[in-house]
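Step one of this worksheet: look at the structure below.
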Amino acid sequence: MTAVFVHGVPETGQLWDRLRARLSTDSIALDLPGFGVPVPDGFGATMDEYSRWLERALREVDGPLDLVGHDWGALFVARVATNSSVPVRSWAMDVAGVLHPDYVWHEFAQLWQTPGAGEQWAKASVEAAPGSPESPAAQLKGAGVPAEDAEALGERLDATMAACILALYRSATPNPYAHAAAQLSGPAPAPGLVIQAQLDPFDDPAASDEMAARLGARTERLEGVGHWWMLEDPGTAATALERFWAAVSEN
C-alpha cells in the first residue's frame with residue numbers, strides 16, 4: 001500500500017515531512033497546482049478542478065491507496081473517497097466540520113472571498129518585508145503554526161499561490177457542502193478516519209462528529225494540538241494513522 005498525503009492552504013507537500021519520516025509504510029506528499037509548483041494551462045484553481053486534478057494524480061500511483069488530507073486537502077480527499085473510481089483502501093481527514101451543511105466560512109476565508117479585499121491581502125502578503133506583520137510567516141505564526149515551520153511555509157507563498165487561494169475559496173460559496181451534497185450524504189465505500197485536533201479553531205467538534213457518522217468514519221481525537229497537528233506532534237499523529245491502517249488491514 002502507499003499512503004498519499006494532501007496539504008491545504010497556504011501550504012505545500014513539505015507540511016508532511018516530519019510525520020512521514022515516522023511512518024513504516026511507503027508514502028508520498030503531493031503538491032497541489034499553484035502551491036509551490038506551476039499551474040497547468042487553463043487551470044482555474046476551483047474546488048472542482050482541484051478534486052479532478054487529485055483523481056488524475058492518484059491514478060498514477062500504484063494502489064490501493066491510503067489517503068490523508070489536511071485543511072483543503074481533507075475536503076479533496078473526502079470528495080475522492082466518496083465519489084471516485086480511484087482504488088482507495090482507506091481515507092483520513094481533519095476539519096470534517098467544514099463539510100457540514102450549516103458550515104460558515106471563517107474570517108480569513110471571508111476576506112479571501114471578498115473582491116478587492118482579497119486582492120489587497122494577496123498584494124500585501126507577497127510584497128511584505130520579512131519579519132513584518134503582513135509577511136506570510138507572521139500570519140502563519142499568528143494562526144498557530146510553529147515558528148520554524150511558519151518561516152519555511154511562508155517562503156513559498158508567492159503571487160501564484162495567492163491567486164489560487166482566492167480562486168479556490170471563491171469557488172466554494174456559501175460552503176463546500178452546497179457543491180457536493182449528494183456525495184456527502186451517505187457512507188463512503190472505503191473505511192475512513194476523521195481526525196479531530198482538539199485545539200483546532202477552524203473545526204467544530206459537534207459538526208465533525210455528525211459528518212463522521214454520515215460518512216461512516218471512525219474518529220480519532222488528538223489532544224493538545226491544533227490545526228497544524230502534523231507539525232505540533234508528528235509522532236502521535238503517525239501512531240494514530242498507523243493504528244487506523246492496521247485496523248483496516250485486519251478487516
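As the structure is a prediction and not an experimental result, all values here were calculated from the model. All residue numbers in this chain count up from 1 along the given sequence.
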Is it true that a side-chain atom of [X] and a backbone atom of [Y] form a donor plus acceptor pair closer than 3.5 Å?
X: E49; Y: F43; value: no
X: D71; Y: V9; value: yes
X: R18; Y: L231; value: yes
X: S132; Y: A129; value: yes
X: S249; Y: W245; value: yes
X: D26; Y: T2; value: no
X: R20; Y: S27; value: yes
X: Q113; Y: Y169; value: yes
X: Q183; Y: R79; value: yes
X: N175; Y: P101; value: yes

Mind checking whether [X] and [Y] have side chains closer than 4.5 Å, heavy atoms only?
X: T219; Y: S208; value: no
X: L153; Y: Q14; value: yes
X: V77; Y: V68; value: no
X: I195; Y: M93; value: no
X: D149; Y: W228; value: no
X: W112; Y: L166; value: yes
X: M211; Y: Y103; value: no
X: W53; Y: L32; value: yes

task: For a side chain to side chain contact (heavy atoms under 4.5 Å, CB included) with V80, tell me which candidate from L67, L65, V4 qualifies.
output: L67

Locate the shortest heavy-atom distance separating [X] from [Y]; write the atom from each residue and the value.
X: P191; Y: F244; answer: O-CZ, 3.8 Å
X: L30; Y: H7; answer: O-CD2, 3.2 Å
X: E119; Y: R170; answer: OE2-NH1, 2.7 Å
X: S125; Y: L157; answer: CB-CD2, 4.4 Å
X: P133; Y: A138; answer: O-CB, 3.7 Å
X: Q196; Y: P205; answer: NE2-O, 4.2 Å

query: Under the side chain to side chain donor-acceptor pair (under 3.5 Å) test, which residues partner S171, sequence neighbours left out?
result: none

For [X] and [Y], test the side chains for any donor-to-acceptor distance below 3.5 angstrom and give the result as yes or no.
X: R22; Y: T239; value: no
X: E242; Y: S24; value: yes
X: S90; Y: D66; value: yes
X: H179; Y: D48; value: no

Give, for atom [atom1] of [X] and atom [atom2] of [Y], the distance between the pair rounded to the nearest 0.5 Å.
X: F5; Y: L23; atom1: CZ; atom2: CG; answer: 5.0 Å
X: D233; Y: T236; atom1: CG; atom2: OG1; answer: 3.0 Å
X: L19; Y: W229; atom1: CG; atom2: CH2; answer: 6.0 Å
X: L184; Y: T82; atom1: CG; atom2: OG1; answer: 5.5 Å
X: R243; Y: L193; atom1: CZ; atom2: CG; answer: 9.0 Å
X: I165; Y: W121; atom1: CD1; atom2: CH2; answer: 4.0 Å

Check [Y] with [X], please: is the shortest side-chain N to carboxylate O separation under 4.0 Å?
X: R214; Y: E210; value: yes
X: R221; Y: D209; value: yes
X: E55; Y: R59; value: yes

message: For W72 and V95: C-alpha separation, side-chain torsions, deciding distance, then whether side-chain contact (heavy atoms from CB on, under 4.5 Å) applies.
response: CA-CA 9 Å; W72 265 106; V95 294; over 6 Å; no

Stepwise side-chain contact (heavy atoms from CB on, under 4.5 Å) test for D204 and H100: CA-CA 10 Å; D204 176 82; H100 194 276; over 6 Å; no

Do [X] and [Y] share a hydrophobic cluster, counting only Ile, Leu, Val, Met, Phe, Trp and Tyr and linking them when any side-chain heavy atoms are less than 4.5 Å apart?
X: L199; Y: L140; result: no
X: V37; Y: M161; result: no
X: F108; Y: V104; result: no

Verdict with reasoning, R218 to V194, per side-chain contact (heavy atoms from CB on, under 4.5 Å): CA-CA 6 Å; R218 68 185 67 186; V194 167; over 6 Å; no

query: Going through the checks in order, is the side-chain contact (heavy atoms from CB on, under 4.5 Å) test met by W16 and M230?
result: CA-CA 7 Å; W16 302 105; M230 73 297 295; 4.0 Å; yes

